[in-house]
Amino acid sequence: MTSSDFPNFKTHFIGLLQQASNAVTSLEAAVSDIELTRTKQASHGDYSCNLAMQLAKPLHKSPREIAQLLVNALPPSTYLEKVEVAGAGFINLFLKNSAKQQFLHYILHSKNTFGNGTLGQGKRIQVEFVSANPTGPLHVGHGRGAAIGASLSNILAAAGFDVSREFYVNDAGRQMDILTLSTWLRYLELNHIHIPFPQNAYQGEYVKTMAQQIFQAHAQRYVHQPELLLDSLPEAVLATEMNTDEQLDKLIANTKKILGQDYAYIHNFVLTEQLGDCRNDLMEFGVEFDTWFSEQSLFDNGLVAHAIELLAKKQHLYQQDGATWFRSTNFGDEKDRVVQRENGQFTYFASDIAYHLNKFERGFDQVINIWGADHHGYIPRVKGALQALDLDAEKLQIALVQFAVLYRNGKKAPMSTRSGEFVTLRELRQEVGKDAARFFYVMRKSDQHLDFDMDLAKSQSNENPVYYVQYAHARVCSVLVQWDGNVDDLQDVNTEALSSPAELALLQKLIDFPDTLEMAAKEFSPHLIAFYLRELASEFHSYYNSTRFLVPEIPLQHARLALIASIRQTLSNGLLLLDVSAPDKM
RNA sequence: GUGCCCGUAGCUCAAUCGGAUAGAGCACCAGCCUUCUAAGCUGGGGGUUACAGGUUCGAUCCCUGUCGGGCACGCCA
C-alpha cells in the first residue's frame with residue numbers, strides 16, 4: 001500500500017450515501033450537501049448521517065422508514081463493518097477494524113505530510129494580519145492576532161492553499177508624526193532643552209532609547225531652533241500641560257517647519273527602528289511574513305489618487321462641505337464616508353481602498369484580513385468600496401479577533417501604546433515562553449473574548465496544556481529510543497493485533513486528523529487543532545498508563561509501536577501548524 | 001440612542017456551522033511510581049446552557065422580547 005491510494009473514509013461514505021439517496025428519491029427532493037458527522041458514543045458507530053430526517057418532509061415518510069430504504073440502497077464497501085438505523089432515524093456507519101488498523105500504514109508513509117488536504121486546490125490566498133502601527137513595541141493584544149494569523153496561514157497551506165502572509169505597515173499617518181515628535185522632544189531633553197512633554201505623545205521608555213541613539217550618533221546635529229516649537233501656542237497652555245489633539249498637531253507642524261529636510265531623517269529613523277524591532281519580535285514568536293506592504297508606497301506610486309479617480313469615474317463620489325465623499329450607503333454602510341478632506345489630504349479610508357484594490361490586482365483568489373473586533377464597523381465601507389470598483393467583494397473575508405483583556409495582580413491592566421503602560425509581547429514570551437504563549441492564544445475560539453491573566457499564565461507555566469501535548473510526544477520518543485529499532489521498518493508491519501477499545505478509539509482519533517485540519521481551514525479556526533491535540537494526547541497518556549509497548553511478543557510489540565509512532569507523527573504535524581516545538585525529551 | 005459580538009460547571013473555555021445522555025482543563029475530595037518519563041493515570045461531586053416565549057421529528061445553536069457584559073459609531077489612524 002502506498003500513501004496516496006488511501007481513501008478519505010468520510011468522503012468515501014458520503015459518496016455512497018449520495019448514490020443511495022439518488023436511488024431512493026428524486027433529484028429535486030434530494031439534499032444537496034450530505035452531512036456525515038463523527039459520533040460521540042462508540043455504540044453509535046464511527047460516523048452518523050442525518051439524511052433521512054432531512055428527507056422526511058419532502059418524501060412524506062417517517063425518518064426511520066427512509067433511513068431503512070437508504071441503508072438497503074447503500075452500495076457495498078470494503079471498509080464497512082455494518083450499518084444501523086438508530087434513534088430518530090440516524091444512519092450509523094461502523095468502520096471495519098481492519099480499515100482502522102491499516103490507516104497506520106498511510107500515516108507512517110505520509111510522515112510530515114499526513115493531514116494535508118486538497119481543499120485549497122492550489123488557490124492563491126492572502127492572509128493579512130498584525131498590521132500594528134509601528135509606533136511602539138507589540139503588546140499582548142497584538143500577540144493574539146499574530147498567533148491566530150500565523151497558525152491559520154499554516155493550516156491553510158496544509159489544506160492546499162498557496163498562502164501569502166502580509167503585514168500592512170501604517171507608515172504614512174499622524175501616529176508616525178506623533179512618534180517622530182515624541183522622539184525629537186526626548187532628544188532635545190538630552191541636549192538640556194526642556195519643553196513640556198505632551199500628555200498624549202508617546203510616553204514609553206523606548207522613545208527615550210531612540211532619542212539616546214540619535215544623540216550618541218549625531219550629538220547636537222538635530223537641535224535647530226527649538227524656541228520656535230511653541231509658536232502659536234497660547235502661553236496659558238504652556239503653564240499647565242499640553243494634552244489636546246490641536247496642540248499636538250500644532251507641535252507637529254512646527255517641528256516639520258523647524259527641522260525641514262531633517263524631519264524625514266528622524267521620521268525614517270524611528271520607523272526603521274520600530275519596524276525592525278517588530279519584525280524581530282515576531283520572528284522570535286515564530287511569525288514571519290512574505291510581504292511588508294508600505295502604506296506610504298501607495299501615495300508615492302499614485303495608487304491612492306488612482307483609486308479615488310476610479311471611484312469618481314464610476315460615479316460613486318460627490319462633493320460636500322469642500323470634501324469628497326464616497327457614497328457607501330449605496331452598499332449597505334450606515335453613512336457616507338469622506339475620502340478626501342477639505343484640506344486636500346486623503347483619509348486613511350482612501351489609502352485603504354487603494355490597498356484593497358491593489359490586493360485584488362495582485363490576483364489573489366481569496367483575501368483574508370484578520371482584524372481586531374474594534375474594526376467591525378469598518379467592514380461595510382471596505383466591502384462597499386470593492387463593490388463600487390466592480391470587484392467581487394466575496395473574495396474578501398474578514399476574521400474578527402476579539403479583544404484580549406489583560407489582568408495583572410488581579411486587576412485589569414491598561415493596554416494603551418500612547419501611555420506606555422502595557423505588557424509587551426516580548427515580556428510575555430520571556431515570562432511564559434514562546435510555545436506556551438502560542439498555544440495559549442489559540443486555545444480559544446478567535447471570536448471569543450480572551451481573559452489573559454498574566455499571573456496565572458506565569459504561575460501555571462508548568463500546567464499549561466501545551467506541556468501536556470509536548471509530553472506525550474516526548475514519551476513516545478523515549479519508548480522508541482529504548483526499542484532501538486528503525487521507525488521506518490514499522491511502516492508496513494501487521495497491525496491486526498490492535499483490537500482493544502482504547503486502541504480502536506486511538507485509531508479513529510488519528511483518522512480524524514485530516515478532517516479536523518480541513519474544518520479548521522474552512523472555518524478559520526486554529527483552536528480546533530489545539531483542542532484536537534489535547535484530546536489525542538489525553539487518549540495517549542491514558543493508553544500509556546494501561547499498556548506496555550515493549551512486550552516480548554514481536555507482532556504485538558510492532559503493532560503497538562506502529563500505533564504510537566503514528567501518534568507521535570500526528571502530534572508533531574499538529575504542533576508544527578501552531579509553530580510549537582515537539583521536543584524529544586522533557 | 002443606533003449597530004455588531006457575547007452570556008454554557010466555582011474559574012477559564014469546548015460542543016464538527018440544528019442532532020442522540022452538553023464535554024475538557026483548573027480548583028476540591030479519594031487512590032496509583034522496585035515495570036517503557038508521575039509535566040502522567042484512575043475514580044468522585046459539581047448544569048433549568050442569563051431569563052421568557054416561538055419555529056420542528058429534535059434548539060446551547062435559528063426568530064422575537066427582557067436583563068447583563070464588551071466593542072464601534074470622526075473631514076482620527
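Naming: A, B, ... by sequence-line order, numbering from 1 per chain.
- Between B:C63 and B:G25, the two P atoms lie 33 Å apart (nearest whole Å).
- A:M176 places none of its side-chain heavy atoms less than 4.5 Å from the side chain of A:N133.
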Could you run down the sub-3.5 Å N/O contacts of the protein with nucleotides 20-23 of chain B?
{"residue": "B:A20", "atom": "OP2", "partner": "A:K40", "partner atom": "NZ", "Å": "3.2"}
{"residue": "B:A20", "atom": "N6", "partner": "A:S48", "partner atom": "OG", "Å": "2.7"}
{"residue": "B:A20", "atom": "N6", "partner": "A:N92", "partner atom": "OD1", "Å": "2.6"}
{"residue": "B:A20", "atom": "N1", "partner": "A:N92", "partner atom": "ND2", "Å": "3.2"}

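- B:C33 adopts a syn glycosidic conformation, its chi angle falling within 90° of 0.
- Between B:A9 and B:U48, the two C1' atoms lie 13 Å apart (nearest whole Å).
- When all heavy atoms of A:S328 and A:R337 are compared, the closest pair comes out as OG-CG, 3.6 Å.
- Counting heavy atoms from C-beta on, the side chains of A:D352 and A:Y378 come closer than 4.5 Å.
- A search for side chain to side chain donor-acceptor pair (under 3.5 Å) contacts involving A:Q366 returns A:Q397, not counting sequence neighbours.
- Ring to ring, A:Y168 and A:Y355 are close: their centroids are under 6.0 angstrom apart.
- With a cut-off of 3.5 Å on both Watson-Crick or G-U wobble distances, the partner of B:C33 is given as none.
- A:K10 has its NZ atom 11 Å from the P atom of B:U16, to the nearest Å.
- A heavy-atom distance below 4.5 Å is not found between the side chains of A:H558 and A:D489.
- The separation between A:M443 atom CE and B:C26 atom P is 11 Å, rounded to whole Å.
- The interatomic distance linking A:Y532 (OH) with B:C13 (C1') rounds to 20 Å, in whole Å.
- As the counterpart of B:U56, no nucleotide is assigned, since no Watson-Crick or G-U wobble pattern has both distances under 3.5 Å.
- Base pairing of B:U12: its partner is B:A24, meeting the Watson-Crick or G-U wobble criterion (both donor-acceptor distances under 3.5 Å).
- The same atom, P, is picked in B:G45 and in B:C33; the two are 24 Å apart, to the nearest Å.
- Pair assignment for B:A50: B:U66, on the basis of Watson-Crick or G-U wobble contacts that are both within less than 3.5 Å.
- Pair assignment for B:C73 gives B:G1, based on Watson-Crick or G-U wobble hydrogen-bonding distances that are each under 3.5 Å.
- Between B:C32 and B:G70, the two C1' atoms lie 45 Å apart (nearest whole Å).
- Separating the CG atom of A:L36 from the P atom of B:G19 is a distance of 14 Å, rounded to the nearest angstrom.
- Counting heavy atoms from C-beta outward, A:Y532 and A:T570 have side chains that approach closer than 4.5 Å.
- The separation between A:D515 atom CG and B:C17 atom C1' is 16 Å, rounded to whole Å.
- Distance NZ (A:K61) to P (B:C57): 18 Å, rounded to an integer number of Å.
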**Message:** For nucleotides 71-77 of chain B, give me one character per nucleotide, 5' to 3': B if any protein heavy atom sits under 4.0 Å from the base, S if the only such contacts are to the sugar-phosphate, - if neither.
**Reply:** BSSSBSB

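- A:R444 forms a cation-pi arrangement with A:F440, by the criterion of a distance under 6.0 Å to the ring centre and an angle within 45° of the ring axis.
- A side-chain donor from one of A:H356 and A:N369 sits under 3.5 Å from a side-chain acceptor of the other.
- Atom-to-atom, CZ of A:R144 to C1' of B:U12 comes out at 12 Å; the value is rounded to the nearest Å.
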**Request:** Using a 4.0 Å heavy-atom cut-off, write out nucleotides 34-39 of chain B from 5' to 3' as B (base contacted by protein), S (sugar-phosphate only) or - (no contact).
**Result:** -BBBSB

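- Mapped onto RNA chain B by nearest heavy atom, A:L400 and A:K57 fall at different nucleotides, with A:L400 at the one closer to the 5' end.
- One finds a salt bridge joining A:E518 and A:K522 here, because a Lys/Arg side-chain nitrogen approaches an Asp/Glu carboxylate oxygen to under 4.0 Å.
- Backbone-only engagement by A:M519 is indicated by non-hydrogen atom pairs under 4.0 Å involving sugar-phosphate atoms exclusively.
- Between B:C73 and B:U56, the two P atoms lie 41 Å apart (nearest whole Å).
- Straight-line distance between the P atoms of B:U8 and B:C76: roughly 40 Å, to the nearest whole Å.
- Side-chain atoms of A:S566 come within 3.5 Å of backbone N or O of A:A562 as a donor-acceptor pair.
- Taking 4.5 Å as the limit, every side-chain heavy atom of A:F540 sits out of range of all side-chain heavy atoms of A:K509.
- Looking only at side-chain heavy atoms (C-beta outward), A:L93 and A:L36 come within less than 4.5 Å of each other.
- A gap of 29 Å separates the C1' atoms of B:U16 and B:U42, to the nearest Å.
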Distances under 3.5 Å between nitrogen or oxygen atoms of protein and nucleotides 9-11 of chain B:
none

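- Side-chain contact annotation: A:N170 with A:Q175, donor-acceptor N/O pair under 3.5 Å absent.
- B:C62 and B:U55: their C1' atoms are spaced 8 Å apart (whole Å).
- Residues A:A52 and A:P63 approach most closely at CB-O, 3.4 Å, considering heavy atoms.
- Rounding to whole angstrom units, CD1 of residue A:I155 and P of B:U16 are separated by 17 Å.
- Listed by chain and residue number, A:T39, A:Q41, A:N92 satisfy the side chain to side chain contact (heavy atoms under 4.5 Å, CB included) test with A:H44 (two or more places apart in sequence, or in another chain).
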